[in-house]
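For reference, the structure is listed below as structure tokens.
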Amino acid sequence: MENIYDVAIIGSGPAGLSAGLYAGRARMNTIIIEKEKAGGQIVTTEEVENYPGSIEDATGPSLIARMVKQAEGFGAKRIKDTILSIELDGDIKVIKGEKEEYRAKSVIIATGAKPRQIGCPGEKELTGKGVSYCATCDGAFFEDFEVFVVGGGDAAVEEAMFLTKFARKVTIVHRRDALRAAKSIQEKAFKNEKIDFLWNSEIVEIKGEGIAESIVVKNRETGELTQLDADEEDGTFGIFVFIGYMPQTELFKGVVDMNERGYIITDANMKTNIEGVFAAGDCRVKSLRQVVTASADGAIAATQAEKYIEDKF
Ligand code: NAP
């Protein structure tokens with residue numbers, strides 16, 4: 001007989017793996033479908049010190065490896081596949097992947113969000129080695145170092161202010177000559193003596209052997225290129241990029257209710273507008289996108305899926 005899973009979890013970051021752990025532990029027939037490798041955004045973080053109970057020297061990948069082991073230990077099955085389309089309206093949900101078609105009584109969407117990248121040479125290679133997309137995660141590693149923040153919106157300016165708690169100097173690199181951030185946020189930033197600005201500028205290259213050592217900045221008005229090197233004694237600096245996020249929810253557009261920016265709308269029980277379909281983690285509308293909140297969402301979604309199946313089938 002055709003296998004119908006109790007729960008199909010799409011995505012295997014902390015939200016998906018936590019959902020897998022809870023679903024497996026509830027003895028539900030569980031599948032976690034992941035696109036590339038397990039982990040999501042957190043595997044790009046070198047050290048994780050703000051997840052409660054994190055062990056010393058925990059890295060993003062080591063934390064995820066333990067989550068994977070735990071979820072699999074409770075029987076959740078993991079499979080690598082790219083989802084091409086979904087049918088969520090019936091009692092049995094159908095998920096069509098490149099390799100296989102999956103059928104499930106409930107679905108947990110845990111596809112996460114991606115920070116928008118600058119897209120310049122060196123950015124990818126030096127991510128987690130000076131380049132970061134999360135001040136809460138990585139700010140403390142730049143205690144008394146210099147830091148550059150890319151962007152001019154609320155996130156960039158607020159995070160720049162947060163980073164002044166650690167860094168001795170924070171330079172906001174913005175592509176125009178005026179910030180997009182709310183005036184009240186701007187005022188605070190202009191008053192902050194540790195914050196400097198590089199206007200009409202964009203980073204066109206990040207250089208370094210295994211760690212960020214210099215950036216090449218282009219003045220958008222004059223076209224002039226300037227290389228900025230890390231202080232010799234420091235050897236490195238931070239480059240924090242906040243030029244917007246993109247929820248990975250394209251697959252569900254027009255089917256699952258979202259806000260204007262593409263984040264999935266749920267209630268406090270992670271329920272979406274569709275019966276039996278839940279969303280957890282960074283892909284949903286929420287105020288704090290961290291491993292701890294994603295894991296909590298996953299746990300809630302899985303227990304709600306269990307309840308839904310008990311009542312429905
Ligand atoms: P955002 O408001 O979309 O701002 C993105 C910033 O990045 C803009 O300044 C933009 O420049 C710049 N940018 C975009 N693409 C770029 C590129 N390729 N290269 C260089 N710069 C680029 O994004 P956000 O700051 O992440 O905020 C997202 C949403 O969350 C907003 O609605 C914001 O109000 C909200 N938010 C609110 C708060 C708060 O209220 N406390 C805090 C954080 C976020 P331009 O200005 O030239 O377009």
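Please read all numbers here as calculations on a predicted model, not as lab measurements.
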Do [X] and [Y] touch side chain to side chain, with heavy atoms closer than 4.5 Å?
X      : Y      : result
Gln304 : Met270 : no
Lys124 : Gln117 : no
Arg168 : Glu146 : yes
Ile64  : Leu17  : yes
Lys96  : Glu87  : yes
Pro14  : Met67  : yes
Ile172 : Asp196 : no
Thr171 : Val149 : no

To the nearest 0.5 Å, what is the distance between [atom1] on [X] and [atom2] on [Y]?
X      : Y      : atom1 : atom2 : value
Asp297 : Cys283 : CG    : SG    : 8.5 Å
Ile55  : Leu63  : CD1   : CG    : 8.5 Å
Ile309 : Ser106 : CD1   : OG    : 4.0 Å
Ile239 : Ile118 : CD1   : CD1   : 7.5 Å
Glu221 : Asn200 : CD    : CG    : 4.0 Å
Met28  : Ile9   : CE    : CD1   : 7.5 Å

Backbone N or O of [Y] within a donor-acceptor pair of the [X] side chain at under 3.5 Å?
X      : Y      : value
Asp6   : Thr30  : no
Lys93  : Leu88  : yes
Thr249 : Gly262 : yes
Lys169 : Ile195 : no
Thr127 : Glu123 : yes
Ser18  : Ser295 : yes
Thr293 : Leu288 : yes
Arg180 : Gly152 : no

Trace of the side chain to side chain contact (heavy atoms under 4.5 Å, CB included) decision for Val150 with Phe240: CA-CA 6 Å; Val150 185; Phe240 284 80; over 6 Å; no
Find out if a path of hydrophobic residues (ILVMFWY) with successive side-chain heavy-atom gaps under 4.5 Å connects [X] to [Y].
X      : Y      : answer
Val68  : Val292 : yes
Val94  : Val107 : no
Met258 : Ile108 : no
Val255 : Ile10  : yes
Phe278 : Tyr22  : no

Does [X] come within less than 4.0 Å of [Y], counting only side-chain N to carboxylate O?
X      : Y      : value
Lys312 : Glu275 : yes
Arg78  : Glu72  : yes
Glu158 : Lys188 : no
Arg284 : Asp267 : no

Compare every heavy atom of [Y] with every heavy atom of [X], then report the nearest pair and how far apart it is.
X      : Y      : answer
Ile32  : Ala71  : CD1-CB, 4.5 Å
Leu126 : Gly210 : CD2-C, 3.9 Å
Cys137 : Asn50  : CA-ND2, 4.2 Å
Thr266 : Ala279 : CG2-CB, 3.7 Å
Val173 : Ile203 : CG1-CG1, 4.3 Å
Val217 : Ser201 : CG1-CB, 3.6 Å

Are [X] and [Y] close enough that a side-chain donor and a side-chain acceptor fall under 3.5 Å?
X      : Y      : answer
Asp81  : Tyr102 : yes
Tyr263 : Lys286 : no
Gln248 : Thr111 : no
Lys207 : Gln227 : yes

Using 30° and 60° as the class limits, which term best fits the ring planes of Trp199 and His174: parallel, tilted or perpendicular? perpendicular
Parallel, tilted or perpendicular, judged at 30° and 60°: which one describes the rings of Phe190 and Phe197?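 Judged by the thresholds at 30° and 60°, the geometry between Phe190 and Phe197 is tilted.
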Just do the side chain to side chain contact (heavy atoms under 4.5 Å, CB included) check on Lys35 and Lys80 with the steps written out, would you? CA-CA 6 Å; Lys35 193 157 72 177; Lys80 207 167 281 190; over 6 Å; no
I'd like to know whether [atom1] of [X] has more than 12 heavy-atom contacts from other residues, nucleotides or ligands below 6.0 angstrom.
X      : atom1 : value
Glu193 : CD    : no
Lys194 : NZ    : yes
Arg289 : CZ    : yes
Arg66  : CZ    : yes

Using the six-membered ring of Phe313, assess whether NZ or CZ of Lys105 lies under 6.0 Å from its centre and within 45 degrees of the ring axis. yes
Decide yes or no on side chain to side chain contact (heavy atoms under 4.5 Å, CB included) for Asn219 and Glu202, but give the supporting numbers first. CA-CA 7 Å; Asn219 182 306; Glu202 59 181 314; over 6 Å; no
Would you say the ring centroid of Phe166 lies under 6.0 angstrom from that of Phe162? yes
Phe142 ring center near Phe237 ring center (under 6.0 Å):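 Between Phe237 and Phe142, which both carry aromatic rings, the centre distance is not below 6.0 Å.
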Start with the C-alpha distance between Leu84 and Glu98, add both sets of side-chain angles, then the distance that settles side chain to side chain contact (heavy atoms under 4.5 Å, CB included), and finish with yes or no. CA-CA 6 Å; Leu84 302 174; Glu98 252 171 28; 4.1 Å; yes
